[in-house]
2 protein chains.
Amino acid sequence: MFSKATEYALRATIYIAQKSSVVKKLSLSEIAKAIDSPPSFTAKILQLLTKDNCVIHSVRGPNGGFYITESNKQLPLKKVLEAINENELFDKCILGLKKCSETKPCPLHFQYKPIKQELIHLFQTNTIQELSEKADNESLFINNAI
Amino acid sequence: MFSKATEYALRATIYIAQKSSVVKKLSLSEIAKAIDSPPSFTAKILQLLTKDNCVIHSVRGPNGGFYITESNKQLPLKKVLEAINENELFDKCILGLKKCSETKPCPLHFQYKPIKQELIHLFQTNTIQELSEKADNESLFINNAI
DNA sequence: ATAATTAAAGACAAAAATACCTTTAATTAG
DNA sequence: CTAATTAAAGGTATTTTTGTCTTTAATTAT
């Protein structure tokens with residue numbers, strides 16, 4: 001469904017929302033370990049999420065790291081997909097037809113349409129904070145590597 | 001959502017169901033042209049679909065080509081995904097977690113579950129024939145390259 | 001000011017997906 | 001039987017994705 005990059009971005013964002021604050025930043029190595037992702041590749045992805053301060057923030061130097069503000073926790077998960085440029089999923093034809101549209105639909109178009117809407121709704125209505133709370137309850141990432 | 005390979009497989013299967021019969025086989029070049037796919041890559045994909053006669057059939061030599069039997073037209077689209085080994089989509093965690101399950105769910109698990117079910121249902125209930133008829137009505141692939 | 005720590009940036013490497021090409025095998029038509 | 005046609009098979013090439021490594025810049029602590 002999603003690329004590795006997107007999966008890591010979503011997991012990292014949720015983890016950062018769980019564990020960080022302006023006064024408690026998380027290092028790359030901690031994040032990568034927790035979400036079971038390759039550190040250097042994860043660094044690239046986190047950079048995308050910090051660009052224009054769109055989702056998370058970062059600070060260099062000792063005691064630096066990544067964190068997310070309370071206000072950014074109110075952003076929908078979709079924002080993460082946008083930052084990673086994986087947003088096309090939501091307007092692509094399921095058969096990959098460039099010309100597929102309401103007036104020239106592919107044979108799956110009208111059946112896939114409501115499913116796509118639900119997917120969009122899922123990522124639009126769930127905020128980063130809500131998901132981090134759910135992850136809290138499930139103590140999700142702690143043993144992820146196992 | 002799907003890989004190029006899967007998109008081509010689905011489009012080719014639908015096109016073959018539209019246009020072929022045991023007495024009217026379609027050549028690789030015709031299929032690739034119609035569904036707007038690279039011929040050589042499409043050849044590989046069609047080979048997967050003919051393995052064990054699982055979805056389509058092929059005959060070599062003059063007037064040879066690809067076709068699908070009436071009985072195979074009754075197969076669900078899901079069969080195509082299985083032939084291409086893209087079936088994992090339907091049991092993968094949306095966050096890519098290996099350990100995600102009913103008892104150890106990721107924060108999106110229970111919200112994604114019904115959507116996944118609908119996706120499975122879509123590919124399970126639609127037969128190749130039904131989709132080829134829909135494609136007929138929309139004269140879908142004829143001008144796909146445009 | 002200096003040294004230590006951390007992310008940013010950019011180059012590089014490996015793996016996977018996609019695409020192409022050549023040879024072989026099967027089939028048919030003549 | 002021979003030549004022509006078509007898919008099968010296998011190798012190669014390109015592109016994209018994923019992953020690594022090194023250098024640079026920022027920040028902090030001493």
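Proteins get letters first, then strands, A, B, ... in listed order; numbering begins at 1 in each. Owing to the predicted nature of the structure, the values given are computational and were not obtained by experimental measurement. When reading the values below, keep in mind they use all heavy atoms of this one structure, side chains included, and skip hydrogens, waters and symmetry mates.
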Between CZ of B/F41 and P of D/dT12 the distance, given in whole Å, is 19 Å
Q. Is there side-chain contact between A/L97 and B/D36, with at least one heavy-atom pair below 4.5 Å?
A. no
query: Heavy atoms under 4.0 Å, any strand shown: does A/A5 hit a base, just sugar-phosphate, or nothing?
result: sugar-phosphate
Checklist entry - Checking A/N87 side chain against A/L81 main chain: does a donor-acceptor pair fall under 3.5 Å? => result no
Would you classify A/L48 as touching base, sugar-phosphate or nothing, given that sugar-phosphate means primed atoms plus P, OP1 and OP2, and contacts are heavy atoms under 4.0 Å? nothing
Separation of D/dT18 atom C1' from A/Q47 atom CD, nearest Å, is 15 Å
With a 4.0 Å cut-off (strictly under) to non-hydrogen atoms of chain A, the first and last hit nts on DNA chain C, 5' to 3', are C/dA4 to C/dA11
_Parallel, tilted or perpendicular, judged at 30° and 60°: which one describes the rings of A/F2 and A/F123?_
perpendicular
When rounded to whole Å, the NZ to C1' distance for the pair A/K25 and D/dT28 reads 11 Å
Quick one: do the B/S37 and B/T42 side chains pair a donor with an acceptor below 3.5 Å?
-> yes
Within the structure provided, determine whether A/S29 and A/P39 are in side-chain contact (heavy-atom separation under 4.5 Å).
no
> Is the backbone N or O of B/I68 less than 3.5 Å from a side-chain atom of B/S20, with the two atoms forming a donor-acceptor pair by type?
Replying inline: yes
When rounded to whole Å, the NZ to P distance for the pair A/K4 and D/dG19 reads 7 Å
Bend of the helix from C/dA1-D/dT30 to C/dG30-D/dC1 from end-axis comparison, five pairs per end, nearest 10°, comes to 0°
>> Does B/I31 reach a base, just sugar-phosphate, or nothing at all? Heavy atoms under 4.0 Å.
In response: nothing
Per nearest nucleotide of DNA chain C, the residue lying toward the 5' end, A/N63 or A/K51, is A/N63
Heavy-atom nearest nucleotide on DNA chain D taken for A/P62 and for A/T6; more 5' hit belongs to A/T6
Q. So, do B/T127 and B/P76 sit near enough that their side-chain heavy atoms are less than 4.5 Å apart?
A. no
Among D/dT20, D/dT27, D/dA8, the one nearest any side-chain atom of A/V59 is D/dT27
Mind checking B/S40 for me? I need base, sugar-phosphate or nothing, with any heavy atom below 4.0 Å counting as a touch.
-> base
Rounded to whole Å, CG of B/L49 lies from C1' of D/dA8 at a distance of 14 Å
- Do side-chain atoms of A/N72 reach the backbone of A/V55 as a donor and acceptor pair under 3.5 angstrom? yes
When you look at B/E70 and B/K73, which way does the salt bridge (charged side-chain N to carboxylate O under 4.0 Å, His left out) test go after all the steps?
CA-CA 5 Å; B/E70 288 303 314; B/K73 283 187 188 175; 3.2 Å; yes
